[in-house]
2 protein chains.
Amino acid sequence: MDADEAVETIQREMTAFARRARASAGRMHPELSLVSYTLLGHLEERDGCRATDLAAHYALDKSTVSRQVAALERARLVERRVDPDDHRVQVLHLTEAGRRILAQVTDSRRAAFRERLADWPEEDLRRFAGYLARYNAWATPGEEG
Amino acid sequence: MDADEAVETIQREMTAFARRARASAGRMHPELSLVSYTLLGHLEERDGCRATDLAAHYALDKSTVSRQVAALERARLVERRVDPDDHRVQVLHLTEAGRRILAQVTDSRRAAFRERLADWPEEDLRRFAGYLARYNAWATPGEEG
DNA sequence: TCACTCAAGTTGTACTATACAACCAGTGGC
DNA sequence: GCCACTGGTTGTATAGTACAACTTGAGTGA
C-alpha cells in the first residue's frame, strides 16, 4: 500500500464509519442520541455553558441547539440558570440525573469500544488513538471535516 | 498513555468525527449526500447490484434504500434494469452522469483528505489506514458500532 | 434619554434520512 | 395450484437539522 492508497483507504473507512455511527449509537442508547450525548458531555467537561457556545463549538444552528436543550430539559437532564449579569443568557448545567445518565452511557460506550478493541496489541491502540486525535485536531475551530 | 487511555481516546475521537462528518460532507458536496455517495460508490465498485444488497451491506432498511435509489434515478445518476432471470429484481447501474458526478465528488473528497493528511509520514498513513480498516471490519453483518 | 443595533434564544416551517409495518408482485417448492 | 419466501414500494412517523422571522435584553452614540 503506497501513500495514495492509504489516503484512499482512510477516506473510505472514515466515511463508512461516519455513515454507521449515528444509527448504531442510537440503537445502543435509545435514551440519549449521539448529539445529546455530546452536548451533555460538553456541559460536564465545562461545568456549564451557554447554548450559543454549544452551537459555535459543534457548528450547529442555534435553533437546533435550542430544541436539543429543550428536550434535555424536559427529560430533566439539564437545567437552565439565567445569568444574573446578562438576562439574555441562560447558563446550562447538568442535573444529577443528567450526570448519572451521561456516566452510564459513557460506560456502556466504553465497554463497546473495549470489546471491539479487545484483541488489539497495546502498541496499536496507542498509535491508533494518536492518529485519530491528530486527524481530528486538524479542523480549525468553527469548521469541520 | 496506557491501553485504557488509548481506548478512551479512540472512543472520544471516533465520536467527535462521526458527529461532524455528515454535515460537513453535505456542505462540501451539496449535490451528493454522504449516503448517495456511498451507494454510488458501491455501484461503481461492484459494477451494478441489487437494492437489497445495498441495504444489507450498509445496514439500511430496504425502504430507505428504495427511496434513495428513487431519488438517484430521478436525478438520472442510476438506472434500473430488470433482471431477466428474476423479474422481482432490479439491477442498479450507474449512468454516465452518475459516473461523472461520482468521480468529481471522489476527487474533491480525496483532495480534502490529502490536504488534511499532507504532512503525515507515509508510514503513519499506512498504519492509520490499516487500523481503520481493521476497526470497521469488526462489525458482523447487520450490526454496527 | 432615546433610538438604533447587536446578541441570545425561541418558534414556524421545511427538508432529509431513517425505520417499521403493510402491502404488492414474482419465484419456487411441494 | 397453494403457500411461503424474497425484492421492492408506499404510508406513516420520528429525529435532526437549517433558515428566517421574531422577542427580549444590552450596549452605544447623538
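Each chain gets a letter, A, B and so on, in the order the sequences are listed, and its residues count up from 1.
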Out of D/dT17, C/dT18, D/dA21, whichever nucleotide has its closest atom nearest the side chain of B/V35: C/dT18

Specify the separation, in whole Å, of atom [atom1] of [X] and atom [atom2] of [N].
X	N	atom1	atom2	result
B/L54	C/dA17	CG	P	15 Å
B/D61	C/dT16	CG	C1'	16 Å
A/K62	C/dT11	NZ	C1'	12 Å
A/Q90	C/dG9	CD	P	6 Å
A/L60	D/dG16	CG	C1'	9 Å

For nucleotides 25-30 of chain C, read 5' to 3', which letter fits each nucleotide if B means a protein heavy atom sits under 4.0 Å from the base, S means only the sugar-phosphate is that close, and - means neither? -BS---

For B/D53 and A/S36, find the nucleotide of DNA chain D closest to each by heavy atoms; which residue's nucleotide sits nearer the 5' end?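 Between the two, 5'-proximity favours B/D53.
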
Inter- and intrachain pairs under side-chain hydrogen bond (donor to acceptor under 3.5 Å, both in side chains), touching residues 68-79 of chain A, at least two apart: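 Those involving residues 68-79 of chain A are A/S36-A/Q68, A/E73-A/R80, A/E79-A/R81.
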
Would you call the rings of B/Y135 and A/W120 parallel, tilted or perpendicular, taking 30° and 60° as the class edges? perpendicular

Does [X] reach the main-chain N or O of [Y] with its side chain, forming a donor-acceptor pair under 3.5 Å?
X	Y	answer
B/T106	B/L102	yes
B/S66	B/K62	no
A/S108	A/Q104	no
A/T95	A/L77	yes

NZ/NE/NH1/NH2 to OD/OE distance under 4.0 Å, A/R88 and A/D83: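 No salt bridge links A/R88 with A/D83.
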
Ion pair check, A/D4 and B/R110, cut-off under 4.0 Å: no

Within residues 65-81 of chain A: residues closer than 4.0 Å to DNA chain D (heavy atoms):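 The stretch gives A/R67, A/Q68 as the residues lying under 4.0 Å from the strand, ordered by number.
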
DNA chain D contacts among residues 39-52 of chain A, heavy-atom distance under 4.0 Å: none

Return a table of donor-acceptor pairs under 3.5 angstrom between the side chains of residues 38-46 of chain A and protein atoms on other chains or two or more places apart.
unit_1 : atom_1 : unit_2 : atom_2 : d
A/T38  : OG1    : A/L34  : O      : 2.7
A/H42  : ND1    : A/Y58  : OH     : 2.8

B/H87: which residues meet the ring-ring contact (aromatic ring centres under 6.0 Å, His included) condition with it, sequence neighbours left out? none

State whether A/S63 places a side-chain N or O below 4.0 Å from either non-bridging phosphate oxygen (OP1 or OP2) of D/dA18.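 No, because none of the side-chain N or O atoms of A/S63 sits under 4.0 Å from OP1 or OP2 of D/dA18.
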
Looking at A/Y37, does the NZ or CZ of A/R109 lie under 6.0 angstrom from its six-membered ring centre and within 45 degrees of the ring axis?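 The answer is yes; both the distance and angle limits are met.
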
